[in-house]
Amino acid sequence: MHNKQLDAWFKTFITIFWLVMAIGIYAIFNYKVDAPEPKPGGGGGHGMILPQDGEYAPHARIWPIS
């Protein structure tokens, strides 16, 4: 006796399992250990605006008042 719902679940599980295994095997064989590191991006000064920058956030108080 076969349970159709169990068979469908098992087929789905096996399909997803083999898909994940295939992606893993592909990643293992295509990983470049000696790949050159990317160069840092140029154009400094475009980073995150921090509260310490009084010019941008004069109302921000970063030190607690005691």
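Below, all heavy atoms of this structure are taken into account, side chains as well, without hydrogens, waters or symmetry copies.
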Hydrophobic clustering (ILVMFWY, side-chain heavy atoms < 4.5 Å, transitive) - are W18 and W9 grouped together? yes
Within a strict 4.5 Å, meaning less than it, do heavy atoms of the F17 and M21 side chains meet? yes
Apart from I16 itself, its cluster of hydrophobic side chains linked below 4.5 Å comprises V20
Kindly compute the distance separating CG (D7) from OG1 (T12), expressed to the nearest 0.5 Å. 10.5 Å
Between atom CG of L19 and atom OG1 of T15, what is the distance when rounded to the nearest 0.5 Å? 8.5 Å
